[in-house]
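Order of the sequence lines fixes the chain letters, A, B, ..., with proteins taken first and strands second; residue numbering starts at 1 for each chain. Because the structure is predicted, anything quoted here is derived from the model rather than measured.
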Amino acid sequence: MPELPEVETVARGLQLAVAGRRIVSVTLRKTDFMDDPSAIERELPGRQIARVDRFGKFMLLRLVAERAGDEQEASSQALLVHLGMTGNLAPHFAEQPLDKHTHATFVLDDGRELRYTDARRFGRMAYLAGETLAAELLKFGADPLEVTAEEFSRRIGGSRARIKALLLDQTVLRGVGNIYADESLWSARIHPAKSGAKLKPEKLERLRTALQKILSKAIQMRGSSISDFVDAEGRPGDYQQHHRAYGREGKKCFRCGRAIKRIIVAGRSSYFCPGCQAAPRDRAGVRRKTKRKGRGRTSKR
DNA sequence: CTCGATCCCTGGACGC
DNA sequence: TGCGTCCAGGGATCGA
């Protein structure tokens with residue numbers, strides 16, 4: 001589950017490994033997670049990967065045309081890549097066999113191949129340029145590592161939605177996912193079902209600093225590998241060893257010793273300590289997980 | 001505005 | 001061994 005720290009880790013690895021390389025050719029396989037596959041096939045060959053940035057949970061491969069003076073130099077162009085749950089983007093030697101779920105191969109000018117693999121195809125890939133790119137990026141909220149106290153307070157404290165839903169909402173903050181939401185709430189001693197608007201200023205600030213500290217530490221440790229996350233060099237992260245709440249149902253809270261509980265908030269498993277993270281008095285947001293029935297897909301449309 | 005439900009997708013865990 | 005079922009989860013979408 002690549003979230004901000006994992007995506008940052010992959011982006012940094014790619015920046016070192018492929019920035020400056022030119023894309024020679026593109027081969028696509030399954031394309032149902034791509035915005036416009038033909039645009040990727042058409043626009044990428046001949047372009048150079050100028051640099052690799054992270055934007056929320058996205059990676060942006062910034063592209064430039066080969067020849068300076070080309071009219072397209074004027075507008076920005078990028079390949080936007082979201083890793084979803086199981087996505088991976090990494091350079092390979094051409095002779096390495098293809099992974100079963102390789103959906104895109106970008107042959108580079110040094111003979112290596114940048115390959116995108118994604119078993120579940122929850123990821124996203126899009127070639128965007130100019131105004132379209134700018135408009136896409138504008139949809140997302142503040143970067144949690146950069147967000148000021150004032151902006152955090154406005155975005156989180158200004159909504160009555162549950163704090164867990166707010167942290168996961170990419171239009172509020174970009175880059176936080178389930179793991180780091182739970183870890184920061186545990187750290188700040190806030191129950192996931194608490195309303196954002198009901199958080200006192202000092203709680204809000206405790207949450208912001210906890211979130212930033214946790215994300216920074218996780219980046220230092222190259223992310224959390226809880227399913228099969230590996231970075232651009234194929235190396236897993238180490239931050240999962242530092243999880244205090246996420247995935248620890250039934251285990252003792254590192255602060256108070258009570259058993260960590262798991263509930264569903266905002267449709268996601270939410271791990272918290274019932275001793276340290278007091279349930280909101282009023283609301284009924286603490287509902288037990290409801291059993292889901294009727295898994296059947298009908299027809300596809 | 002905020003909510004839950006449903007769908008997308010596959011692999012892994014588990015029960016039988 | 002193998003089949004059925006459940007679950008994981010980011011995000012889009014829809015109706016309440």
A:Arg268 near the nucleic acid: base, sugar-phosphate alone, or nothing, with a heavy-atom cut-off under 4.0 Å? base
Closest nucleotide among B:dT2, B:dG11, C:dG9 to the A:Ala119 side chain: B:dG11
Take the protein atom OH of A:Tyr246 and the nucleotide atom P of C:dA8, then report the distance between them rounded to whole Å. 8 Å
Determine whether more than 12 heavy atoms belonging to other residues, nucleotides or ligands lie under 6.0 Å from atom CD of A:Glu202. yes
Using OP1 and OP2 only, check whether a side-chain N or O of A:Gln170 sits under 4.0 Å from C:dG11. yes
Which side-chain hydrogen bond (donor to acceptor under 3.5 Å, both in side chains) pairs, counting each pair once, include a residue from residues 144-154 of chain A, with sequence neighbours left out? A:Glu151-A:Arg155
Taking OP1 and OP2 of C:dA8, is either one under 4.0 Å from a side-chain nitrogen or oxygen of A:Ser269? yes
For the pair made of CG in A:Asp182 and C1' in C:dA8, what is the distance, rounded to whole Å? 14 Å
Under 4.0 Å between a side-chain N/O of A:His82 and OP1 or OP2 of C:dG11, yes or no? yes
Of the options B:dC3, B:dG11, B:dT2, whose atoms approach the side-chain atoms of A:His101 most closely? B:dG11
Check every atom of C:dA8, B:dC3, C:dG11 against the side chain of A:Arg162 and return the nucleotide holding the closest atom. B:dC3
When you measure from the side chain of A:Gln77 to the backbone N and O of A:Val64, does any donor-acceptor pair fall under 3.5 Å? no
In this structure, how many angstroms lie between the P atom of B:dT2 and the CD1 atom of A:Ile163, rounded? 12 Å
Quick check, are the ring centers of A:His82 and A:Phe58 under 6.0 angstrom apart? yes
Summary of salt bridge (charged side-chain N to carboxylate O under 4.0 Å, His left out) pairs that have at least one residue in residues 96-111 of chain A, sequence neighbours excluded: A:Arg21-A:Asp109, A:Arg21-A:Asp110, A:Asp110-A:Arg112
Side chain of A:Met85 - closest among B:dC9, C:dG10, B:dT10: C:dG10
Relative orientation of the end axes in the helix from B:dT2-C:dA16 to B:dC16-C:dG2, expressed as an angle to the nearest 10° (five pairs per end): 40°
Using the six-membered ring of A:Trp186, assess whether NZ or CZ of A:Arg248 lies under 6.0 Å from its centre and within 45 degrees of the ring axis. no
When rounded to whole Å, the CG to P distance for the pair A:Asp32 and B:dC9 reads 6 Å
Could you state the atom-to-atom distance from CZ of A:Arg121 to C1' of C:dG9 in whole Å? 16 Å
Does the side-chain ring of A:Phe122 sit on the six-membered ring of the C:dG11 base, less than 5.5 Å centre to centre and under 30° in tilt? no
Decide if the gap between the ring center of A:Tyr116 and the ring center of A:Phe33 is smaller than 6.0 angstrom. yes
How would you label the contact of A:Lys100 with the nucleic acid (heavy atoms, under 4.0 Å): base, sugar-phosphate, or nothing? sugar-phosphate
Atom-to-atom span, CZ of A:Arg262 to P of C:dC7 - whole angstrom: 8 Å
Starting from C1' on C:dG10, measure out to NZ on A:Lys139 and report it in whole angstrom. 14 Å
Starting at atom CD of A:Glu136, determine the distance to atom P of C:dG11, rounded to an integer number of angstrom. 11 Å
Is there a side-chain hydrogen bond (donor to acceptor under 3.5 Å, both in side chains) between A:Tyr127 and A:Glu41? Walk through the geometry before answering. CA-CA 9 Å; A:Tyr127 169 81; A:Glu41 289 174 318; over 6 Å; no
